[in-house]
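All values below were derived from every heavy atom in this structure, side-chain atoms included, with hydrogens, water molecules and symmetry-related copies excluded.
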Amino acid sequence: MLDIKLIRQNLTECQTALQHRKENINLQDLIDLDDRRRATEQKRSSLEAEANDLQKQVGKLKQQDPDHPTIEQLRQKANEIKQQVADLSKQEEEIKQQLHQQLLTIPNLPHPSTPIGQSEADNQTVRTWGEEYKPTHPVMPHWEIGEKMGILDFERAVKIAQTRFVNLVGAAAQLERALINFMLDQHIKAGYGEVMPPFLVNSQSLQGTGQLPKFATDAFRCQEDDLWLIPTAEVPVTNLYRDEILDSEALPIKHCAYTPCFRREAGSYGRDTRGLIRLHQFNKVELVKFVLPGESEREHEDLVSDAENILQLLRLPYRVVALCTGDLGFSAMKCYDLEVWLPSAGQYREISSCSNFGDFQARRANLRYKTKGKKGTEFLHTLNGSALAVGRTMCAILENYQQPDGTVLVPQALQPYLGREYLV
RNA sequence: GGAGAAGUGGCAGAGUGGUUGAAUGCACCUGACUCGAAAUCAGGAAUGGGGGCAACCUCAUCGGGGGUUCAAAUCCCCCCUUCUCCGCCA
(Lines give C-alpha, C1' and ligand atoms only; values in the text may rest on other atoms or scores of the structure.)
Protein backbone atom coordinates (compact mmCIF):
# COMPACT_ATOMS: atom_id res chain seq x y z
CA MET A 1 0.00 0.00 0.00
CA LEU A 2 1.25 3.44 -0.86
CA ASP A 3 1.58 6.08 1.83
CA ILE A 4 -1.04 8.77 1.32
CA LYS A 5 1.38 11.30 2.81
CA LEU A 6 3.98 10.38 0.22
CA ILE A 7 1.37 10.81 -2.52
CA ARG A 8 0.44 14.24 -1.16
CA GLN A 9 4.04 15.37 -1.11
CA ASN A 10 5.11 13.92 -4.46
CA LEU A 11 1.98 13.93 -6.54
CA THR A 12 3.49 14.31 -10.00
CA GLU A 13 6.33 11.83 -9.37
CA CYS A 14 3.86 9.24 -8.13
CA GLN A 15 1.53 9.87 -11.03
CA THR A 16 4.23 9.37 -13.67
CA ALA A 17 5.66 6.34 -11.85
CA LEU A 18 2.24 4.69 -12.06
CA GLN A 19 1.88 5.63 -15.72
CA HIS A 20 5.09 3.71 -16.35
CA ARG A 21 3.26 0.62 -15.20
CA LYS A 22 0.35 1.50 -17.42
CA GLU A 23 -1.85 2.48 -14.50
CA ASN A 24 -4.17 5.38 -15.06
CA ILE A 25 -5.21 6.25 -11.57
CA ASN A 26 -6.08 9.79 -10.69
CA LEU A 27 -4.17 10.40 -7.48
CA GLN A 28 -5.64 13.87 -7.08
CA ASP A 29 -8.99 12.20 -6.30
CA LEU A 30 -7.31 10.37 -3.44
CA ILE A 31 -5.84 13.55 -2.09
CA ASP A 32 -9.23 15.24 -2.21
CA LEU A 33 -10.67 12.32 -0.31
CA ASP A 34 -7.88 12.56 2.24
CA ASP A 35 -8.56 16.28 2.63
CA ARG A 36 -12.17 15.48 3.44
CA ARG A 37 -11.03 12.83 5.89
CA ARG A 38 -8.81 15.28 7.70
CA ALA A 39 -11.41 18.03 7.87
CA THR A 40 -14.01 15.62 9.25
CA GLU A 41 -11.56 14.25 11.77
CA GLN A 42 -10.63 17.68 13.03
CA LYS A 43 -14.23 18.67 13.50
CA ARG A 44 -15.05 15.43 15.25
CA SER A 45 -12.12 15.43 17.59
CA SER A 46 -12.62 18.99 18.75
CA LEU A 47 -16.26 18.17 19.53
CA GLU A 48 -15.08 15.15 21.45
CA ALA A 49 -12.66 17.29 23.40
CA GLU A 50 -15.59 19.46 24.38
CA ALA A 51 -17.65 16.45 25.41
CA ASN A 52 -14.79 15.02 27.46
CA ASP A 53 -14.54 18.31 29.26
CA LEU A 54 -18.25 18.24 30.13
CA GLN A 55 -17.93 14.71 31.42
CA LYS A 56 -15.21 15.70 33.80
CA GLN A 57 -17.31 18.58 35.07
CA VAL A 58 -20.21 16.24 35.72
CA GLY A 59 -17.90 13.89 37.58
CA LYS A 60 -16.65 16.67 39.80
CA LEU A 61 -20.10 18.03 40.54
CA LYS A 62 -21.41 14.57 41.38
CA GLN A 63 -18.73 14.16 43.98
CA GLN A 64 -19.64 17.48 45.58
CA ASP A 65 -23.38 17.07 45.40
CA PRO A 66 -25.15 14.26 43.53
CA ASP A 67 -28.21 16.43 42.97
CA HIS A 68 -26.43 19.56 41.81
CA PRO A 69 -28.86 21.46 39.53
CA THR A 70 -26.39 22.08 36.67
CA ILE A 71 -25.74 18.37 36.20
CA GLU A 72 -28.90 17.96 34.19
CA GLN A 73 -27.94 20.86 31.90
CA LEU A 74 -24.48 19.50 31.27
CA ARG A 75 -25.96 16.13 30.58
CA GLN A 76 -28.23 17.51 27.88
CA LYS A 77 -25.41 19.46 26.34
CA ALA A 78 -23.27 16.34 26.27
CA ASN A 79 -26.05 14.42 24.58
CA GLU A 80 -26.31 17.03 21.87
CA ILE A 81 -22.61 16.89 21.18
CA LYS A 82 -22.71 13.14 21.22
CA GLN A 83 -25.27 13.16 18.43
CA GLN A 84 -23.10 15.44 16.31
CA VAL A 85 -20.07 13.28 16.99
CA ALA A 86 -21.98 10.19 15.96
CA ASP A 87 -22.93 11.74 12.63
CA LEU A 88 -19.41 12.94 11.93
CA SER A 89 -17.87 9.64 12.94
CA LYS A 90 -20.08 7.83 10.51
CA GLN A 91 -19.03 10.12 7.68
CA GLU A 92 -15.42 9.84 8.71
CA GLU A 93 -15.57 6.06 8.78
CA GLU A 94 -17.09 5.95 5.30
CA ILE A 95 -14.44 8.26 3.89
CA LYS A 96 -11.66 6.29 5.55
CA GLN A 97 -13.01 3.01 4.20
CA GLN A 98 -13.29 4.45 0.73
CA LEU A 99 -9.76 5.81 0.86
CA HIS A 100 -8.39 2.57 2.22
CA GLN A 101 -10.15 0.45 -0.39
CA GLN A 102 -8.82 2.63 -3.17
CA LEU A 103 -5.29 2.57 -1.81
CA LEU A 104 -5.44 -1.23 -1.67
CA THR A 105 -5.96 -1.39 -5.43
CA ILE A 106 -2.99 0.83 -6.33
CA PRO A 107 0.20 -1.05 -7.23
CA ASN A 108 3.63 -0.24 -5.87
CA LEU A 109 5.76 2.46 -7.44
CA PRO A 110 8.60 1.06 -9.55
CA HIS A 111 12.10 1.60 -8.17
CA PRO A 112 14.11 4.22 -10.13
CA SER A 113 16.44 1.45 -11.31
CA THR A 114 13.61 -0.56 -12.85
CA PRO A 115 13.83 -0.20 -16.63
CA ILE A 116 10.91 1.67 -18.14
CA GLY A 117 8.97 -0.35 -20.67
CA GLN A 118 5.63 -1.62 -21.92
CA SER A 119 5.84 -5.39 -21.83
CA GLU A 120 7.93 -8.51 -21.49
CA ALA A 121 9.71 -7.47 -24.66
CA ASP A 122 11.27 -4.53 -22.83
CA ASN A 123 12.79 -6.58 -20.03
CA GLN A 124 16.55 -6.39 -19.84
CA THR A 125 18.87 -9.36 -19.69
CA VAL A 126 21.37 -8.67 -16.94
CA ARG A 127 23.62 -11.72 -17.34
CA THR A 128 23.61 -15.27 -18.63
CA TRP A 129 25.28 -18.32 -17.16
CA GLY A 130 26.12 -21.88 -18.18
CA GLU A 131 26.16 -21.59 -21.97
CA GLU A 132 28.61 -24.51 -21.99
CA TYR A 133 26.13 -26.83 -20.28
CA LYS A 134 23.49 -26.58 -22.99
CA PRO A 135 22.91 -29.94 -24.70
CA THR A 136 24.07 -30.10 -28.29
CA HIS A 137 22.02 -33.10 -29.41
CA PRO A 138 18.27 -33.10 -30.08
CA VAL A 139 16.20 -33.35 -26.91
CA MET A 140 12.67 -34.61 -26.26
CA PRO A 141 10.31 -32.28 -24.38
CA HIS A 142 10.21 -33.20 -20.70
CA TRP A 143 6.61 -34.45 -20.84
CA GLU A 144 7.48 -36.81 -23.65
CA ILE A 145 10.44 -38.39 -21.95
CA GLY A 146 8.64 -38.32 -18.61
CA GLU A 147 5.69 -40.27 -20.00
CA LYS A 148 7.97 -42.61 -21.91
CA MET A 149 9.82 -43.40 -18.68
CA GLY A 150 6.50 -43.78 -16.89
CA ILE A 151 7.35 -41.22 -14.23
CA LEU A 152 5.01 -38.38 -15.26
CA ASP A 153 1.33 -39.37 -15.41
CA PHE A 154 -0.88 -36.57 -16.69
CA GLU A 155 -3.82 -38.70 -17.88
CA ARG A 156 -4.79 -40.17 -14.55
CA ALA A 157 -4.28 -36.81 -12.86
CA VAL A 158 -7.06 -35.45 -15.07
CA LYS A 159 -9.29 -38.28 -13.91
CA ILE A 160 -8.69 -37.79 -10.22
CA ALA A 161 -8.60 -33.98 -10.35
CA GLN A 162 -8.67 -31.95 -13.53
CA THR A 163 -6.46 -30.84 -16.34
CA ARG A 164 -3.27 -29.05 -15.24
CA PHE A 165 -2.48 -31.61 -12.54
CA VAL A 166 0.11 -34.38 -12.55
CA ASN A 167 1.00 -37.58 -10.77
CA LEU A 168 4.70 -37.88 -10.15
CA VAL A 169 5.47 -41.58 -10.12
CA GLY A 170 8.54 -43.42 -8.91
CA ALA A 171 11.73 -41.65 -9.93
CA ALA A 172 9.94 -38.35 -10.58
CA ALA A 173 8.44 -38.32 -7.10
CA GLN A 174 11.84 -39.10 -5.64
CA LEU A 175 13.52 -36.45 -7.76
CA GLU A 176 10.95 -33.89 -6.61
CA ARG A 177 11.66 -34.73 -2.97
CA ALA A 178 15.39 -34.70 -3.57
CA LEU A 179 15.20 -31.25 -5.16
CA ILE A 180 13.19 -29.86 -2.27
CA ASN A 181 15.65 -31.20 0.28
CA PHE A 182 18.65 -30.10 -1.73
CA MET A 183 17.35 -26.56 -2.11
CA LEU A 184 16.38 -26.21 1.53
CA ASP A 185 19.74 -27.58 2.69
CA GLN A 186 21.55 -25.01 0.57
CA HIS A 187 19.47 -22.12 1.87
CA ILE A 188 19.83 -23.18 5.48
CA LYS A 189 23.57 -23.22 4.88
CA ALA A 190 23.27 -19.66 3.52
CA GLY A 191 21.59 -18.50 6.74
CA TYR A 192 17.88 -18.86 6.04
CA GLY A 193 15.76 -20.30 8.83
CA GLU A 194 13.35 -22.94 7.58
CA VAL A 195 9.61 -22.55 8.13
CA MET A 196 6.85 -24.92 7.14
CA PRO A 197 3.77 -22.69 7.28
CA PRO A 198 0.05 -23.37 6.83
CA PHE A 199 -0.90 -24.08 3.23
CA LEU A 200 -4.25 -22.38 3.73
CA VAL A 201 -4.42 -18.75 4.78
CA ASN A 202 -7.13 -16.23 5.60
CA SER A 203 -8.10 -13.19 3.54
CA GLN A 204 -6.18 -10.81 5.74
CA SER A 205 -2.94 -12.59 4.86
CA LEU A 206 -3.62 -12.38 1.13
CA GLN A 207 -4.36 -8.70 1.50
CA GLY A 208 -1.09 -8.27 3.37
CA THR A 209 1.02 -9.48 0.48
CA GLY A 210 -1.15 -7.92 -2.24
CA GLN A 211 -3.11 -10.79 -3.83
CA LEU A 212 -6.33 -9.37 -2.42
CA PRO A 213 -8.51 -7.51 -3.14
CA LYS A 214 -7.57 -7.28 -6.82
CA PHE A 215 -6.58 -10.82 -7.74
CA ALA A 216 -9.17 -12.97 -5.99
CA THR A 217 -9.89 -14.98 -9.13
CA ASP A 218 -6.30 -16.24 -9.31
CA ALA A 219 -6.55 -18.22 -6.07
CA PHE A 220 -8.48 -21.30 -4.94
CA ARG A 221 -10.87 -20.52 -2.16
CA CYS A 222 -12.61 -22.45 0.63
CA GLN A 223 -15.56 -20.16 0.92
CA GLU A 224 -17.06 -21.81 4.02
CA ASP A 225 -14.04 -20.92 6.11
CA ASP A 226 -12.47 -17.69 4.82
CA LEU A 227 -9.47 -19.77 3.86
CA TRP A 228 -7.57 -19.85 0.59
CA LEU A 229 -5.01 -22.29 -0.80
CA ILE A 230 -1.72 -20.45 -0.91
CA PRO A 231 -0.52 -19.37 -4.36
CA THR A 232 3.02 -19.12 -2.96
CA ALA A 233 4.80 -19.47 0.38
CA GLU A 234 5.35 -15.72 0.19
CA VAL A 235 1.87 -15.28 1.62
CA PRO A 236 2.10 -17.24 4.89
CA VAL A 237 5.78 -16.46 5.47
CA THR A 238 5.56 -12.71 4.87
CA ASN A 239 2.52 -12.65 7.15
CA LEU A 240 4.40 -14.44 9.93
CA TYR A 241 5.10 -11.15 11.65
CA ARG A 242 1.94 -9.31 10.62
CA ASP A 243 0.89 -6.70 13.20
CA GLU A 244 4.12 -7.18 15.10
CA ILE A 245 6.86 -4.76 16.08
CA LEU A 246 10.26 -6.35 15.60
CA ASP A 247 13.47 -5.21 17.23
CA SER A 248 15.77 -3.51 14.69
CA GLU A 249 18.60 -5.66 16.01
CA ALA A 250 16.71 -8.79 14.99
CA LEU A 251 16.85 -7.70 11.33
CA PRO A 252 17.47 -8.95 8.78
CA ILE A 253 15.28 -12.00 9.27
CA LYS A 254 15.71 -14.58 6.52
CA HIS A 255 13.40 -17.54 6.01
CA CYS A 256 13.21 -20.35 3.53
CA ALA A 257 10.12 -22.47 3.12
CA TYR A 258 8.96 -25.38 1.06
CA THR A 259 5.26 -25.39 0.22
CA PRO A 260 3.00 -26.60 -2.52
CA CYS A 261 1.45 -23.69 -4.42
CA PHE A 262 -2.05 -23.56 -5.86
CA ARG A 263 -3.09 -21.29 -8.70
CA ARG A 264 -6.24 -21.21 -10.75
CA GLU A 265 -4.38 -19.96 -13.83
CA ALA A 266 -7.53 -18.21 -14.93
CA GLY A 267 -6.98 -16.57 -18.28
CA SER A 268 -4.14 -18.80 -19.44
CA TYR A 269 -6.30 -21.34 -21.21
CA GLY A 270 -4.27 -21.89 -24.34
CA ARG A 271 -0.84 -21.53 -22.79
CA ASP A 272 1.60 -24.24 -21.72
CA THR A 273 -1.09 -26.90 -21.80
CA ARG A 274 1.43 -29.71 -21.89
CA GLY A 275 3.92 -30.73 -19.26
CA LEU A 276 4.92 -29.42 -15.90
CA ILE A 277 5.29 -25.77 -16.77
CA ARG A 278 1.88 -24.49 -15.76
CA LEU A 279 -0.04 -26.57 -13.23
CA HIS A 280 -2.74 -25.77 -10.70
CA GLN A 281 -0.55 -27.33 -8.02
CA PHE A 282 3.24 -27.22 -7.92
CA ASN A 283 6.01 -27.31 -5.37
CA LYS A 284 8.26 -24.39 -4.64
CA VAL A 285 11.00 -23.45 -2.24
CA GLU A 286 10.73 -19.79 -1.37
CA LEU A 287 13.06 -17.28 0.25
CA VAL A 288 11.63 -14.39 2.27
CA LYS A 289 13.52 -11.56 3.93
CA PHE A 290 12.54 -8.84 6.39
CA VAL A 291 15.14 -6.07 6.30
CA LEU A 292 15.92 -2.50 7.29
CA PRO A 293 14.84 -0.01 4.60
CA GLY A 294 18.39 1.09 3.89
CA GLU A 295 19.49 -2.46 3.19
CA SER A 296 16.81 -3.79 0.88
CA GLU A 297 18.64 -3.11 -2.38
CA ARG A 298 21.75 -4.98 -1.29
CA GLU A 299 19.65 -7.76 0.24
CA HIS A 300 17.80 -8.03 -3.05
CA GLU A 301 21.00 -8.66 -4.98
CA ASP A 302 22.04 -11.24 -2.39
CA LEU A 303 18.69 -12.96 -2.65
CA VAL A 304 19.10 -13.28 -6.41
CA SER A 305 22.56 -14.78 -5.88
CA ASP A 306 21.15 -17.30 -3.43
CA ALA A 307 18.60 -18.40 -6.03
CA GLU A 308 21.22 -18.46 -8.79
CA ASN A 309 23.41 -20.60 -6.60
CA ILE A 310 20.92 -23.48 -6.89
CA LEU A 311 20.95 -23.31 -10.68
CA GLN A 312 24.72 -23.17 -10.71
CA LEU A 313 25.10 -26.14 -8.40
CA LEU A 314 22.71 -28.04 -10.67
CA ARG A 315 24.63 -26.82 -13.73
CA LEU A 316 21.49 -25.58 -15.41
CA PRO A 317 22.00 -22.77 -17.95
CA TYR A 318 20.02 -19.64 -17.15
CA ARG A 319 19.83 -15.92 -17.55
CA VAL A 320 18.87 -13.11 -15.19
CA VAL A 321 16.30 -10.65 -16.46
CA ALA A 322 15.36 -7.30 -14.94
CA LEU A 323 11.62 -6.84 -15.37
CA CYS A 324 10.55 -3.54 -16.87
CA THR A 325 7.91 -1.28 -15.34
CA GLY A 326 5.19 -2.68 -17.59
CA ASP A 327 5.87 -6.29 -16.57
CA LEU A 328 6.34 -5.74 -12.85
CA GLY A 329 4.09 -7.56 -10.38
CA PHE A 330 1.51 -5.58 -8.42
CA SER A 331 3.43 -5.36 -5.12
CA ALA A 332 6.97 -5.19 -6.44
CA MET A 333 9.12 -2.11 -6.87
CA LYS A 334 11.87 -4.10 -8.51
CA CYS A 335 12.09 -7.66 -9.78
CA TYR A 336 14.58 -10.01 -11.37
CA ASP A 337 13.40 -13.18 -13.06
CA LEU A 338 15.69 -16.16 -13.40
CA GLU A 339 15.00 -18.01 -16.63
CA VAL A 340 16.26 -21.54 -17.15
CA TRP A 341 17.19 -22.97 -20.51
CA LEU A 342 14.68 -25.47 -21.94
CA PRO A 343 16.38 -27.04 -24.96
CA SER A 344 13.27 -28.73 -26.38
CA ALA A 345 11.65 -25.34 -26.77
CA GLY A 346 14.91 -23.60 -27.56
CA GLN A 347 14.10 -20.86 -25.09
CA TYR A 348 14.57 -19.63 -21.56
CA ARG A 349 11.61 -20.05 -19.19
CA GLU A 350 10.96 -18.39 -15.86
CA ILE A 351 12.01 -20.56 -12.93
CA SER A 352 12.32 -17.88 -10.25
CA SER A 353 11.12 -14.39 -9.57
CA CYS A 354 12.98 -12.31 -6.96
CA SER A 355 11.29 -9.11 -5.85
CA ASN A 356 11.96 -6.16 -3.62
CA PHE A 357 8.68 -4.81 -2.26
CA GLY A 358 10.05 -1.87 -0.32
CA ASP A 359 7.58 -1.00 2.43
CA PHE A 360 4.54 -1.79 0.24
CA GLN A 361 3.71 -5.13 1.85
CA ALA A 362 4.88 -3.91 5.25
CA ARG A 363 2.21 -1.20 5.19
CA ARG A 364 -0.49 -3.66 4.20
CA ALA A 365 0.55 -6.26 6.73
CA ASN A 366 1.60 -3.75 9.39
CA LEU A 367 5.14 -5.10 9.67
CA ARG A 368 7.13 -2.69 11.77
CA TYR A 369 10.39 -2.47 13.64
CA LYS A 370 11.62 -0.37 16.51
CA THR A 371 15.10 0.95 17.05
CA LYS A 372 16.25 1.15 20.66
CA GLY A 373 16.44 4.69 21.97
CA LYS A 374 14.52 6.01 18.96
CA LYS A 375 10.95 7.19 19.28
CA GLY A 376 8.23 5.54 17.24
CA THR A 377 8.21 2.62 14.87
CA GLU A 378 8.97 2.26 11.17
CA PHE A 379 7.83 -0.04 8.39
CA LEU A 380 10.46 -2.55 7.36
CA HIS A 381 11.12 -3.78 3.84
CA THR A 382 10.18 -7.21 2.53
CA LEU A 383 11.74 -9.28 -0.23
CA ASN A 384 11.15 -12.68 -1.63
CA GLY A 385 12.10 -15.01 -4.41
CA SER A 386 11.59 -18.54 -5.61
CA ALA A 387 14.62 -20.71 -5.14
CA LEU A 388 13.38 -22.49 -7.00
CA ALA A 389 10.12 -23.60 -8.58
CA VAL A 390 10.63 -27.33 -8.14
CA GLY A 391 8.48 -28.60 -11.03
CA ARG A 392 10.17 -26.34 -13.51
CA THR A 393 13.54 -27.41 -12.16
CA MET A 394 12.52 -30.98 -12.90
CA CYS A 395 11.63 -29.95 -16.46
CA ALA A 396 15.03 -28.39 -16.85
CA ILE A 397 16.77 -31.50 -15.55
CA LEU A 398 14.74 -33.91 -17.68
CA GLU A 399 15.75 -31.91 -20.72
CA ASN A 400 19.22 -30.56 -20.06
CA TYR A 401 20.43 -33.84 -18.55
CA GLN A 402 18.79 -35.99 -21.20
CA GLN A 403 21.27 -38.35 -22.81
CA PRO A 404 21.20 -39.31 -26.49
CA ASP A 405 20.12 -42.83 -25.45
CA GLY A 406 16.97 -41.53 -23.77
CA THR A 407 18.14 -41.85 -20.19
CA VAL A 408 18.54 -38.91 -17.84
CA LEU A 409 21.69 -38.23 -15.89
CA VAL A 410 21.19 -37.12 -12.28
CA PRO A 411 22.97 -33.79 -11.60
CA GLN A 412 26.00 -34.47 -9.48
CA ALA A 413 24.77 -32.27 -6.64
CA LEU A 414 21.62 -34.41 -6.40
CA GLN A 415 23.25 -37.82 -6.57
CA PRO A 416 23.75 -38.06 -2.80
CA TYR A 417 20.02 -37.35 -2.40
CA LEU A 418 18.91 -39.96 -4.91
CA GLY A 419 21.63 -42.52 -4.44
CA ARG A 420 22.04 -43.12 -8.13
CA GLU A 421 23.54 -41.71 -11.28
CA TYR A 422 20.79 -42.17 -13.84
CA LEU A 423 17.03 -42.04 -14.06
CA VAL A 424 15.79 -44.85 -16.28
C1' G B 1 -18.54 -30.68 18.45
C1' G B 2 -19.99 -30.13 24.22
C1' A B 3 -18.72 -27.85 29.32
C1' G B 4 -15.76 -24.31 32.02
C1' A B 5 -11.78 -20.31 32.65
C1' A B 6 -9.10 -16.40 30.63
C1' G B 7 -7.46 -12.35 27.06
C1' U B 8 -4.58 -5.17 30.15
C1' G B 9 1.74 -1.50 27.81
C1' G B 10 8.26 -4.87 25.23
C1' C B 11 7.34 -8.77 29.19
C1' A B 12 5.16 -9.96 34.08
C1' G B 13 0.99 -8.24 36.65
C1' A B 14 -2.75 -4.63 39.57
C1' G B 15 -7.15 -2.36 38.50
C1' U B 16 -14.89 -3.88 38.64
C1' G B 17 -18.41 2.90 36.46
C1' G B 18 -15.77 9.01 37.04
C1' U B 19 -8.98 13.97 36.39
C1' U B 20 -6.82 5.61 35.00
C1' G B 21 -3.39 5.97 29.11
C1' A B 22 -3.70 2.84 33.07
C1' A B 23 -0.40 1.12 39.98
C1' U B 24 3.86 -2.06 40.78
C1' G B 25 8.08 -5.11 39.10
C1' C B 26 11.53 -6.45 35.12
C1' A B 27 13.67 -4.61 30.74
C1' C B 28 14.88 0.34 28.35
C1' C B 29 16.81 5.71 28.04
C1' U B 30 18.87 10.32 30.57
C1' G B 31 21.32 12.48 34.75
C1' A B 32 23.94 12.04 39.69
C1' C B 33 27.60 9.06 42.40
C1' U B 34 32.32 6.26 40.25
C1' C B 35 38.88 6.39 37.31
C1' G B 36 35.21 3.17 34.74
C1' A B 37 31.45 -0.52 35.49
C1' A B 38 28.06 -2.77 38.96
C1' A B 39 24.93 -1.34 42.89
C1' U B 40 22.15 2.94 44.55
C1' C B 41 19.38 7.56 43.90
C1' A B 42 16.52 11.21 40.73
C1' G B 43 13.99 11.65 36.30
C1' G B 44 12.12 10.00 31.35
C1' A B 45 9.76 6.78 28.23
C1' A B 46 3.32 3.27 24.81
C1' U B 47 1.16 3.10 19.67
C1' G B 48 -1.61 5.41 15.87
C1' G B 49 -4.41 9.77 13.59
C1' G B 50 -4.98 15.25 13.29
C1' G B 51 -3.19 20.44 14.24
C1' G B 52 1.45 23.60 15.06
C1' C B 53 8.11 26.07 12.66
C1' A B 54 8.42 24.47 17.60
C1' A B 55 7.50 23.94 22.90
C1' C B 56 3.08 21.65 22.70
C1' C B 57 -2.30 20.74 21.99
C1' U B 58 -6.04 17.21 20.73
C1' C B 59 -8.58 12.44 19.56
C1' A B 60 -8.47 7.19 19.62
C1' U B 61 -6.57 2.57 21.52
C1' C B 62 -6.91 -2.32 27.91
C1' G B 63 -8.41 -9.40 22.02
C1' G B 64 -12.34 -7.53 17.87
C1' G B 65 -17.31 -5.53 16.98
C1' G B 66 -21.92 -3.64 18.88
C1' G B 67 -24.89 -1.77 23.22
C1' U B 68 -26.14 0.78 28.22
C1' U B 69 -24.44 5.68 30.48
C1' C B 70 -23.19 12.54 30.79
C1' A B 71 -18.96 8.97 31.65
C1' A B 72 -16.75 1.87 30.35
C1' A B 73 -10.40 -1.63 31.07
C1' U B 74 -14.58 -2.00 34.57
C1' C B 75 -21.81 -3.49 33.12
C1' C B 76 -24.67 -6.22 28.79
C1' C B 77 -24.68 -8.91 23.79
C1' C B 78 -22.05 -11.20 19.58
C1' C B 79 -17.42 -12.88 17.54
C1' C B 80 -12.14 -14.36 17.71
C1' U B 81 -8.06 -16.52 20.29
C1' U B 82 -5.74 -19.26 24.31
C1' C B 83 -5.99 -22.81 28.40
C1' U B 84 -8.51 -27.11 31.12
C1' C B 85 -11.97 -31.31 30.89
C1' C B 86 -15.08 -34.54 27.59
C1' G B 87 -15.88 -36.42 22.53
C1' C B 88 -13.50 -37.41 17.73
C1' C B 89 -8.98 -38.10 15.19
C1' A B 90 -3.55 -38.46 11.60
Do [X] and [Y] have a side chain donor and acceptor closer than 3.5 Å?
X	Y	value
A/His381	A/Glu299	no
A/Ser353	A/Asp337	yes
A/Glu176	A/Asn283	yes

For [X], answer base if it contacts any base atom (sugar-phosphate contacts may also be present), sugar-phosphate if it contacts only those atoms, and nothing otherwise; contact means non-hydrogen atoms under 4.0 Å.
X	result
A/Thr377	sugar-phosphate
A/Lys96	nothing
A/Gln42	sugar-phosphate
A/Asp247	nothing
A/Lys370	sugar-phosphate

Open item on the list: Quick check: on RNA chain B, is the nucleotide nearest A/Leu74 upstream (toward 5') of the one nearest A/Glu48, or the reverse? Name the residue that is more 5'.
Closed with: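 By nearest-heavy-atom nucleotide position, the 5'-most residue is A/Glu48.
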
Open item on the list: Let me spell it out: for each of A/Ile4 and A/Ala78, pick the nucleotide of RNA chain B with the closest heavy atom. Which residue's pick is nearer the 5' end?
Closed with: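 Residue closer to the 5' terminus by nearest nucleotide: A/Ile4.
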
So which nucleotide from [options] ends up closest to the side chain of [X]?
X	options	value
A/Arg38	B/rC70, B/rC59, B/rG50	B/rG50
A/Arg44	B/rG49, B/rC59, B/rG48	B/rC59
A/Ala49	B/rU58, B/rC70, B/rA60	B/rU58
A/Gln55	B/rG50, B/rC59, B/rG18	B/rG18

Determine the Euclidean distance between corresponding [atom1] atoms of [M] and [N]; express it in Å to zero decimal places.
N	M	atom1	result
B/rU24	B/rA37	P	27 Å
B/rU16	B/rA23	C1'	15 Å
B/rG7	B/rC75	P	11 Å
B/rU30	B/rA45	C1'	10 Å
B/rG67	B/rC86	C1'	34 Å
B/rG17	B/rA71	C1'	8 Å
B/rA5	B/rG63	C1'	16 Å

Task: Distance flag, aromatic centroids of A/Phe330 and A/Phe360, threshold under 6.0 Å - done: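 Yes, the ring of A/Phe360 comes within the 6.0 Å limit of the ring of A/Phe330, centre to centre.
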
Task: Nearest-Å distance for atom pair CD/C1', residues A/Gln76 and B/rA71 - done: 16 Å

TODO: Report the distance from atom CG of A/Leu61 to atom C1' of B/rU19, rounded to the nearest whole Å.
DONE: 13 Å

Task: Phosphate contact (B/rA60 OP1 or OP2) by A/Asn52 side-chain N/O below 4.0 Å - done: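 Yes, because at least one side-chain N or O of A/Asn52 sits under 4.0 Å from OP1 or OP2 of B/rA60.
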
What is the pairing partner of [N], taking Watson-Crick or G-U wobble pairs with both distances under 3.5 Å in any strand?
N	answer
B/rA54	none
B/rC28	B/rG44
B/rA22	none
B/rU16	none
B/rG1	B/rC86

TODO: Inspect the surroundings of NZ in A/Lys214 and state if more than 12 heavy atoms from other residues, nucleotides or ligands are less than 6.0 Å away.
DONE: yes

Task: Of A/Thr40, A/Asp35, A/Asp34, the residue whose pairing with A/Arg38 passes side chain to side chain donor-acceptor pair (under 3.5 Å) - done: A/Asp34

